[in-house]
Enquirer: 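Please see the structure below; I have some questions.
All values below come from the heavy atoms of this structure, side chains included, with hydrogens, waters and symmetry mates left out. Read the numbers this way: they start at 1 and go in the same order the structure lists the ligands and their atoms. Note that the coordinates shown come from a computational prediction; the quantities given were computed from them, not determined experimentally. By convention here, the first residue in the shown sequence is residue 1.
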Amino acid sequence: MRNLDEHNITAEAHRRIAATPDARLHQIMRSLIQHLHDFAREVKLTEAEWFAGIEYLTKTGQMCNEVRQEFVLLSDTLGLSQLVVAQSHSRAAGMTEQTVFGPFHVEGVPTLIEPGSDIARGTQGEALYVSARVSSGDAPVEGALVDVWHADAEGHYDTQDADWAVERSRLRAVFKTDAEGRFSFWSILPKSYPIPTDGPVGTMMRATKQSPMRPAHIHFRVRKPGFDTLVTHVFADGDPYLDSDVVFGVRSSCIGTYERLSPGTAPDGTRIDRHFYALDFSFALEPDPAG
Ligand SMILES: [Fe+2]
């Protein structure tokens, strides 16, 4: 077919993928073409704007490396990540809800640290003791693997350090729940922080006058065969950014109390001679619908 114009080119693009053997791929490609073409027609996209878009996506890709995922950040800040999470994990009342994974998780943190370990590893901040419990229904979940990761008091993740290597990880660890479904650790109090704004996502935030702030939180991923893997955060109750999280991630069931305590004996018996914080949180897992 030749002499295509802005009105009949969509049908021709659909015709060319009609023989796609994978039905799901065909559905996704067909819809993507339809929405892309409709978008260009609706805003009457100019050639200069089309090329600016190409350059923007190119820069976004060039910003990505092993530990920096600008495309995830772009998806997060456009609300796409949370949309996909929300439609993939509906939760019954009482279950801990799913939130965005974010770009700062690292696979392969080597050590399964003992309960009560300090994951700050020298990072400055206000001491925080976290004790948590994983259950499903009334039963504790023993042997679940719990990935924990969070930013320091300045809002930086260790992977943003110039000399970061997995063996120099800090503020991240993997724990295993005990027979009562419990795990615990020491760290420092997380603070609200801006997402990285030195790349294309920052350019978009400034151009659209959006705040780059996220409310203070710790990330958790809880896994055990037979349960739907829980990827969530525990946000700090009272944080001023709970209702304006730049990545749309806050759920009411994921807000915890980071309680400020006086010097004395911590919940694990540790003597502490300065103010510190304690978070006690329960995660409720949903059985995997696929078994
Ligand atoms: Fe985070």
Side-chain angles (χ1 to χ4, degrees), residues 63-86 89 96-109 119-121 123-126 128 130 132 146-161 164 166 169-175 185 187-199 201-202 204-205 210-223 229-258 277 279 281 283:
M63 204 79 193
C64 296
N65 57 40
E66 196 190 338
V67 292
R68 172 87 185 247
Q69 235 307 348
E70 193 76 0
F71 265 116
V72 171
L73 205 57
L74 182 59
S75 167
D76 290 354
T77 52
L78 290 173
L80 179 63
S81 307
Q82 184 57 38
L83 185 159
V84 173
V85 166
H89 301 273
T96 310
E97 291 171 288
Q98 205 85 358
T99 63
V100 290
F101 197 51
F104 294 116
H105 179 261
V106 175
E107 292 291 354
V109 173
I119 67 169
R121 297 185 191 122
T123 310
Q124 293 300 303
E126 296 173 281
L128 169 70
V130 176
V146 183
D147 288 53
V148 176
W149 67 105
H150 71 93
D152 65 19
E154 269 76 54
H156 282 89
Y157 284 82
D158 58 351
T159 52
Q160 295 171 294
D161 296 345
W164 180 82
V166 72
S169 294
R170 58 190 176 90
L171 305 174
R172 63 177 76 240
V174 181
F175 297 95
F185 60 93
S187 190
I188 57 166
L189 186 70
K191 298 284 176 71
S192 46
Y193 67 82
I195 57 165
T197 54
D198 58 339
V201 170
M204 177 184 74
M205 303 308 295
Q210 292 189 70
S211 161
M213 295 302 292
R214 297 214 65 204
H217 60 272
I218 298 177
H219 295 260
F220 293 89
R221 180 177 69 179
V222 187
R223 291 176 292 163
T229 295
L230 175 65
V231 174
T232 196
H233 305 12
V234 177
F235 296 95
D237 196 12
D239 190 286
Y241 300 106
L242 285 174
D243 289 305
S244 59
D245 181 11
V246 64
V247 303
F248 308 87
V250 179
R251 321 286 304 177
S252 295
S253 69
C254 305
I255 297 174
T257 302
Y258 291 72
Y277 288 79
L279 169 70
F281 199 80
F283 297 93

Enquirer: Can you give the angle Tyr193 OH - the Fe ion (ligand 1) - Tyr157 OH, rounded to 10°?
Expert: 100°
Enquirer: What about the rings of Tyr157 and His105, do their centers lie closer together than 6.0 Å?
Expert: no
Enquirer: Assess whether ring pair (Phe, Tyr, Trp, His ring centres under 6.0 Å) is satisfied between Phe101 and Trp149, documenting all intermediate values.
Expert: CA-CA 11 Å; Phe101 197 51; Trp149 67 105; 5.7 Å; yes
Enquirer: N/O/S of His217 less than 2.8 Å from the Fe ion (ligand 1)?
Expert: yes
Enquirer: Looking only at N, O or S atoms in His219, which is nearest to the Fe ion (ligand 1)?
Expert: NE2
Enquirer: Any side-chain heavy atom of Val247 within less than 4.5 Å of one from Gln82?
Expert: no
Enquirer: Looking at Asp158 and Arg121, is any side-chain nitrogen of the basic one under 4.0 Å from a carboxylate oxygen of the acidic one?
Expert: no
